[in-house]
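All remarks here apply to the structure that follows.
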Amino acid sequence: MLRVSSQMTGTEVDVAAVNGAAQADAGVQHGADLLAFTEAVMRGEPASTEREHLRALLPPASFVEVAAVIGSFNVVDRIADATGIPLDAIMKEMSQDVRQQLNLARFASAANTPSD
């Protein structure tokens, strides 16, 4: 989604940020802070300094949106993995280059995506 939205707005975004390979903000406003907060949430650190830092940077409504997006992606991904939902053909085709770029095949859930 980030890749497509960046293409639509003409913004250069470093999608390698999701693998920890980004430089600075990865082309997203407050990107480094967003990544640090996401990592803290995924590590289970609800009272993290990253959270307090991000809350100071963003308006309250934006902070809530960030937290909701992290939660939504986390739960949807876990449900898909737990139930073995395969990547559908259209999404598989559209995401092939970014899946290769990010080496997503290294994750066990990649087994749910049928090979050609």
Side-chain angles (χ1 to χ4, degrees):
M1 290 174 60
L2 175 61
R3 182 175 59 124
V4 172
S5 65
S6 69
Q7 289 169 347
M8 292 176 67
T9 62
T11 305
E12 187 94 14
V13 174
D14 181 5
V15 295
V18 299
N19 283 340
Q23 298 296 319
D25 282 345
V28 176
Q29 185 179 16
H30 306 302
D33 301 305
L34 292 164
L35 288 166
F37 175 62
T38 302
E39 289 292 330
V41 169
M42 298 310 293
R43 285 190 308 264
E45 301 172 6
S48 68
T49 56
E50 293 87 354
R51 180 189 71 183
E52 296 310 316
H53 179 71
L54 193 61
R55 286 184 72 184
L57 286 175
L58 300 177
S62 295
F63 180 79
V64 169
E65 288 179 11
V66 167
V69 167
I70 292 169
S72 295
F73 273 87
N74 188 25
V75 75
V76 167
D77 183 61
R78 288 177 189 253
I79 291 169
D81 287 349
T83 59
I85 297 172
L87 190 60
D88 63 52
I90 293 172
M91 186 58 76
K92 183 179 176 186
E93 183 179 328
M94 289 175 47
S95 66
Q96 183 174 359
D97 61 331
V98 76
R99 286 184 293 111
Q100 288 175 340
Q101 178 185 357
L102 298 176
N103 190 26
L104 298 183
R106 74 184 188 278
F107 295 107
S109 61
N112 296 330
T113 301
S115 59
D116 292 333

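All values below come from the heavy atoms of this structure, side chains included, with hydrogens, waters and symmetry mates left out.
- Heavy-atom minimum distance, E50 versus A40: OE1-CB, 3.7 Å.
- Smallest separation of non-hydrogen atoms from I70 and M42: CG2-SD, 4.5 Å.
- For the atom pair OG1 of T38 and CZ of R43, the computed distance is 10.5 Å after rounding to the nearest 0.5 Å.
- Taking all atoms of both residues into account, the shortest heavy-atom contact from H30 to L57 is ND1-CD1, 3.8 Å.
- Contact detail for F37 and L54: the closest heavy-atom pair is CD2-CD2, 3.6 Å.
- Remark: N103 engages no residue in a side chain to side chain donor-acceptor pair (under 3.5 Å) (not counting sequence neighbours).
- A distance-only check finds no donor-acceptor pair linking the side chain of R51 to the backbone of E45 [under 3.5 Å].
- Here CG of D88 is found 11.0 Å from CD of E93. Values are rounded to the nearest 0.5 Å.
- Between D97 and M94, the shortest heavy-atom contact is OD1-O, 3.7 Å.
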